[in-house]
Amino acid sequence: MKHFINLKDIPASDLRKIILDAKKRKKKRKNLNTLDLDKDRPLKGKLLIQMYEKASSRTRISFYLAIKQLGGETLTLRANELHLGKGGESLADTAKILSTYGNGFMLRTDSDKKIEEFSKHLTIPIINGLSPSSHPTQVLSDVFTIEEIKKKPISKLNICWIGDSNNVLNSLIAASVKFSFNLNVSCPKNYEPKKFVMNWVKKNKRKINIFNNPKKAAKNADVIFSDKVVSLNDKVNKVKKIKDFKKFRIDSKLMSFANKDAIFLHCLPRGPEVSEKVFFDKQSKVWQQALNRVHVQKSILLYCLEKLR
Ligand code: CP
Ligand code: NVA
C-alpha cells in the first residue's frame with residue numbers, strides 16, 4: 001500500500017511520476033470547468049475521507065476538487081465530531097472504520113505520531129495534509145509550479161527559502177534531496193533547521209546552504225520562498241519570534257538580490273514575513289501555486305490508490 005506521509009520516504013522516481021502525470025492531466029483539462037470530470041474518471045466510485053484537526057482553506061478545497069475531477073467523492077470531518085480516542089473507540093478502531101467505508105484518508109494533524117499510528121492500523125492509504133514536521137503535498141505541488149513557470153527541471157535552478165525552519169521547509173529540504181536542487185536557507189541564529197533534518201541530508205550526500213544574512217542567501221536565486229513566521233498552533237512567544245525575524249522580511253530590496261526573473265512563492269496564509277508590494281507584484285506566483293495543488297493532489301491520489309499510469 002502506498003501512503004503519502006513524508007517526501008523523504010517516497011522514491012524519487014515515484015515523485016517524478018506524480019509530477020509528470022499532473023502535467024499531462026492539467027494540459028488535458030485546459031477547456032474544462034472546475035467541476036467537469038476528467039474523461040477517464042479513474043477514481044469513479046471511490047471515497048476520500050478527510051479529517052482536519054487544524055484550520056485549512058487551500059488543502060481542504062483543493063482535495064475536494066481533486067477527487068471530484070477524478071470521478072470520486074470526499075467527506076470532510078472535524079476531529080472533534082468523531083469518537084476518536086474517546087467513548088470507548090481507540091485510534092485503531094477508528095482506523096478500521098475509516099478503512100471499511102473509505103478508499104483513502106487525508107489527515108491534517110498536530111501529531112506526527114498520530115499519522116504513524118493511523119498508518120499502522122489503516123488498510124487504506126493515508127495522506128499527510130500537514131503535520132508539525134512536514135507538508136509534503138504542498139511542496140510536491142510547489143516543485144510542479146516552479147518547473148511549469150521556469151520551463152526547466154528544478155535541478156537546474158537555485159531555490160532560496162527565507163523564513164522559519166518549519167514543516168514546509170522540512171519538506172522542501174526533503175525535495176531538494178529527492179530532486180537534486182540547490183537550496184539556500186536563511187533564518188536568524190537559533191532558528192536553523194533541526195539537527196535530525198540536516199543529518200538526513202548529510203546521510204544522503206547532499207548539502208543545504210544556511211545563511212544568517214538573507215541578502216547572501218537570495219543572491220542568484222531563481223525562486224524565493226517564504227512562509228508564516230508563526231505557524232498554526234506554534235507554541236512560542238509570538239511577539240519575540242516576529243521581532244527576531246524582522247530582518248528576514250521579503251521586500252523589493254531583498255528581491256533585488258535574486259535573479260532578475262526570480263519568482264516569489266508562499267503557501268499561505270501569510271504574515272509580516274513578506275511586504276504587500278512583493279506579495280502582489282507580478283513576480284509573485286502565489287495564486288498559480290495555490291491552484292496547482294488541485295492538479296498535483298489528483299496525481300498523489302492516483303499514486304496512493306495504485307492508479308497512476
Ligand atoms: N497552504 C495550505 O496548506 O493552506 P491551508 O492551511 O489553507 O490548507
Ligand atoms: N507552516 C504553516 C503552513 C500553513 C499551510 C503552518 O504549519 O501553519
Side-chain angles (χ1 to χ4, degrees), residues 4-7 22 48-67 74 76-79 105-115 126-146 161-175 183 185-188 191-194 197 223-238 241-242 244-245 248-250 263-274 279 284-298 300-301:
F4 195 88
I5 299 177
N6 281 309
L7 297 183
L48 172 71
I49 301 175
Q50 302 192 58
M51 188 164 86
Y52 290 86
E53 294 185 341
K54 297 164 99 169
S56 163
S57 311
R58 282 144 292 270
T59 306
R60 175 191 306 252
I61 301 169
S62 55
F63 265 108
Y64 172 84
L65 292 175
I67 184 95
T74 187
T76 302
L77 308 166
R78 303 276 315 179
F105 180 46
M106 205 260 15
L107 177 64
R108 170 168 288 199
T109 176
D110 244 339
S111 159
D112 285 291
K113 197 154 176 276
K114 197 175 274 180
I115 298 187
I126 184 166
I127 298 173
N128 175 359
L130 184 147
S131 74
S133 80
S134 68
H135 196 2
T137 63
Q138 174 72 54
V139 167
L140 191 60
S141 170
D142 294 346
V143 172
F144 174 93
T145 301
I146 291 167
W161 172 278
I162 300 176
D164 191 25
S165 295
N166 60 16
N167 44 6
V168 181
L169 177 61
N170 287 346
S171 291
L172 188 65
I173 291 175
L183 178 61
V185 170
S186 184
C187 54
Y191 288 98
E192 287 92 353
K194 296 231 164 57
V197 179
V223 182
I224 304 272
F225 262 105
S226 195
D227 185 15
K228 277 185 91 169
V229 170
V230 180
S231 280
L232 284 166
N233 305 1
D234 208 350
K235 289 171 192 65
V236 290
N237 178 335
K238 293 184 184 155
K241 194 168 179 187
I242 289 172
D244 290 346
F245 275 83
F248 294 78
R249 182 168 201 253
I250 298 162
I263 58 168
F264 173 75
L265 295 180
H266 191 303
C267 68
L268 295 168
R270 67 188 158 114
E273 65 282 348
V274 55
F279 189 77
S284 167
K285 302 293 176 194
V286 296
W287 312 118
Q288 185 172 345
Q289 180 186 8
L291 176 66
N292 278 337
R293 300 279 309 273
V294 177
H295 299 292
V296 176
Q297 282 159 199
K298 284 167 72 177
I300 292 173
L301 285 167

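Counting convention: from 1, in listed order, for ligands and their atoms alike. Because the structure is a prediction, the values reported are computed rather than measured.
One finds a salt bridge joining K241 and D164 here, because a Lys/Arg side-chain nitrogen approaches an Asp/Glu carboxylate oxygen to under 4.0 Å.
Once rounded to the nearest 0.5 Å, the distance linking NZ of K194 with CG of L169 reads 10.5 Å.
For K54, the closest heavy-atom approach to ligand 1 does not fall below 4.0 Å.
Atoms of ligand 2 lying under 4.0 Å from at least one heavy atom of L232, given by number and element, are 6 (C), 8 (O). Residue contact check: L130 has heavy atoms under 4.0 Å from atoms 3 (C), 4 (C), 5 (C), 7 (O) of ligand 2.
The backbone N or O of Q50 sits nowhere less than 3.5 Å from a side-chain atom of T76 that would complete a donor-acceptor pair.
Neither the backbone nor the side chain of T59 comes within 4.0 Å of ligand 2, counting heavy atoms alone. Within the 4.0 Å heavy-atom criterion, the part of N166 lying near ligand 2 is the side chain and not the backbone. When non-hydrogen atoms are compared, ligand 1 lies under 4.0 Å from neither the backbone nor the side chain of R60. Within the 4.0 Å heavy-atom criterion, neither part of L130 lies near ligand 1. Neither the backbone nor the side chain of D234 comes within 4.0 Å of ligand 2, counting heavy atoms alone.
Remark: S56 engages Y52, T59, R60, R108 in a side-chain contact (heavy atoms from CB on, under 4.5 Å) (not counting sequence neighbours).
Using a 3.5 Å distance cut-off with no hydrogens or angles, the side chains of S165 and E192 do not pair a donor with an acceptor. Between the side chains of S133 and N170, no donor-acceptor pair is found at a separation under 3.5 Å.
Geometrically, ligand 2 and L268 share no nitrogen or oxygen pair separated by less than 3.5 Å. Between L232 and ligand 1, a contact under 3.5 Å exists for no N or O pair.
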